[in-house]
Amino acid sequence: DRRQRQMCIRDRKYDDENMLMLSGIQHFMFCPRQWGLIHLSQEWEDNSLTTEGKLLHKRVDDPFYRQKDGDIITLRSVHVASHSLGLYGITDAIELTPSDSSINTIRHPHYPGYWNVLPVEYKRGKQKPNRCDEVQLAAQVMCLEEMYQIQLDYGALYYHEVRRRDVIYVNEELRELTKKCADKMHDIFSSMQIPKSVYSPHCKRCSLYDICLPLVCKKSQVSTYLKKYLYEETT
C-alpha cells in the first residue's frame, strides 16, 4: 500500500559508488532539466548571477579557516555525506556553540567539550519564492545527523544581497521533500535520460538558457523575428 511504498522510499540506501553531489539538489529543485544538463551532460555556462555567487563563496570556502567569536567557533568547508540520501558535498559554514550536555551535540578533536551544531549556507541574492535553498540546507542537516548520530531542528541561510540570516526549521515535511528530490535525482541519473524542457519565466535567469532554450521559446522568437523583419518589410 501507499504507506509501505513510502517506507521503502524512506529506507533507500546508496553505496559510495552511487553518491551524487549535494549541491545539485538546489539545481534539481530549480529545474530538473538544468540539473540533468549539468550533472549528466556536463554542461555549464556562467552568467552574472553565477559569477557573483562564485566570488561570494571564494571568500567563504576556506577549509583551513576557523573563526572564534566569543563562544562561537565557525568551521568552513566541512565535508558531509549521507548514504540515506545518496549525497555528498561541502558545507559553507558550521557554527559550533558550547553545550553542557552530550545529547545532540558533537565532540571536536581541536576543542574540548560538547558542541551544538548549526549549518549555515551562504547565498548571493535574497530569499526565493521557491524552496531550492531550504532543500539544500535540509540535505546538509540530514547529512550531519547521519554522520554524528544527532538530531538537528534547524539550520540557517545567509543572503548576501540583503545581509540577512534566516533560521530554517527542518520539519518532517521538508525532510520528506528533500528525500524525494534526492531519490528522483538518483532515478534520473540511473536512466541517463535528461528531463524534457518546460518553459517558465524563470528560464531567463538560468545560466544554461542558451544551451537549453525550450522549443516553445525558439518558435516564439523565430516567429517574432520573421514578423518584425521580413513580413512587415514586404507589406
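- Criterion: ILVMFWY side-chain heavy atoms under 4.5 Å apart, direct or through other members. Under it, V170 and I150 are part of a common hydrophobic cluster.
- The side-chain heavy atoms of V117 and I94, taken from C-beta on, include a pair separated by under 4.5 Å.
- Annotation: side chain of K179 is in contact with side chain of L85 (closest heavy-atom distance under 4.5 Å).
- Looking at E161 and K126, their side chains come closer than 4.5 Å, going by heavy atoms from C-beta outward.
- For the atom pair CZ (R165) and OH (Y122), the distance works out to 6.0 Å, reported to the nearest 0.5 Å.
- Cluster membership for L37 and M192, using ILVMFWY side-chain heavy atoms within less than 4.5 angstrom, is shared.
- Judged as a salt bridge (Lys or Arg N to Asp or Glu O under 4.0 Å), and not counting sequence neighbours, E17 has no contacts.
- Sorted by first and then second residue, the ring pair (Phe, Tyr, Trp, His ring centres under 6.0 Å) pairs involving residues 172-198 (not counting sequence neighbours) are Y14-H186.
- Interatomic distance, CG of D187 versus NZ of K180, reported as 13.0 Å (0.5 Å rounding).
- Remark: K128 engages D133 in a salt bridge, criterion side-chain N to carboxylate O under 4.0 Å.
- In this structure, the side chain to side chain donor-acceptor pair (under 3.5 Å) partners of R175, at least two apart in sequence or on a different chain, are E145.
- In this structure, the side chains of V80 and L22 come closer than 4.5 Å at one or more pairs of heavy atoms.
- Between H108 and H110, the ring planes are tilted. Angles from 30° to 60° get that label.
- Annotation: ring pair (Phe, Tyr, Trp, His ring centres under 6.0 Å) contacts of Y148 (sequence neighbours excluded): none.
- Checked against side-chain contact (heavy atoms from CB on, under 4.5 Å), S190 has no partners two or more places apart in sequence or in another chain.
- Taking the side chain as every heavy atom from C-beta outward, E146 and S84 approach each other to under 4.5 Å.
- Listed by chain and residue number, nothing satisfies the side chain to side chain donor-acceptor pair (under 3.5 Å) test with K184 (two or more places apart in sequence, or in another chain).
- Residues satisfying the side-chain contact (heavy atoms from CB on, under 4.5 Å) criterion with C181, sequence neighbours excluded, are I25, F28, M29, L177.
- Contacts classified as ring pair (Phe, Tyr, Trp, His ring centres under 6.0 Å) and involving residues 79-104 (residues at least two apart or in different chains) are not found.
- Scored by the side chain to side chain donor-acceptor pair (under 3.5 Å) test, Q127 finds D166 as partners (sequence neighbours excluded).
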Does the pair Q26 and K123 meet the rule for a side chain to side chain contact (heavy atoms under 4.5 Å, CB included), with working shown? CA-CA 12 Å; Q26 184 194 32; K123 296 298 178 185; 3.2 Å; yes
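- Interatomic distance, T178 OG1 to L87 CG, rounded to the nearest 0.5 Å: 9.5 Å.
- For Y159, there are no ring pair (Phe, Tyr, Trp, His ring centres under 6.0 Å) partners two or more places apart in sequence or in a different chain.
- Every residue was checked against the salt bridge (Lys or Arg N to Asp or Glu O under 4.0 Å) condition with D100, not counting sequence neighbours, and none meets it.
- Using cut-offs of 30° and 60° on the angle between ring planes, the pair Y111 and W115 is perpendicular.
- Remark: D15 engages N18 in a side chain to side chain donor-acceptor pair (under 3.5 Å) (not counting sequence neighbours).
- When N116, L118, L75, T105 are each tested for a side-chain contact (heavy atoms from CB on, under 4.5 Å) with L96, only one passes: L75.
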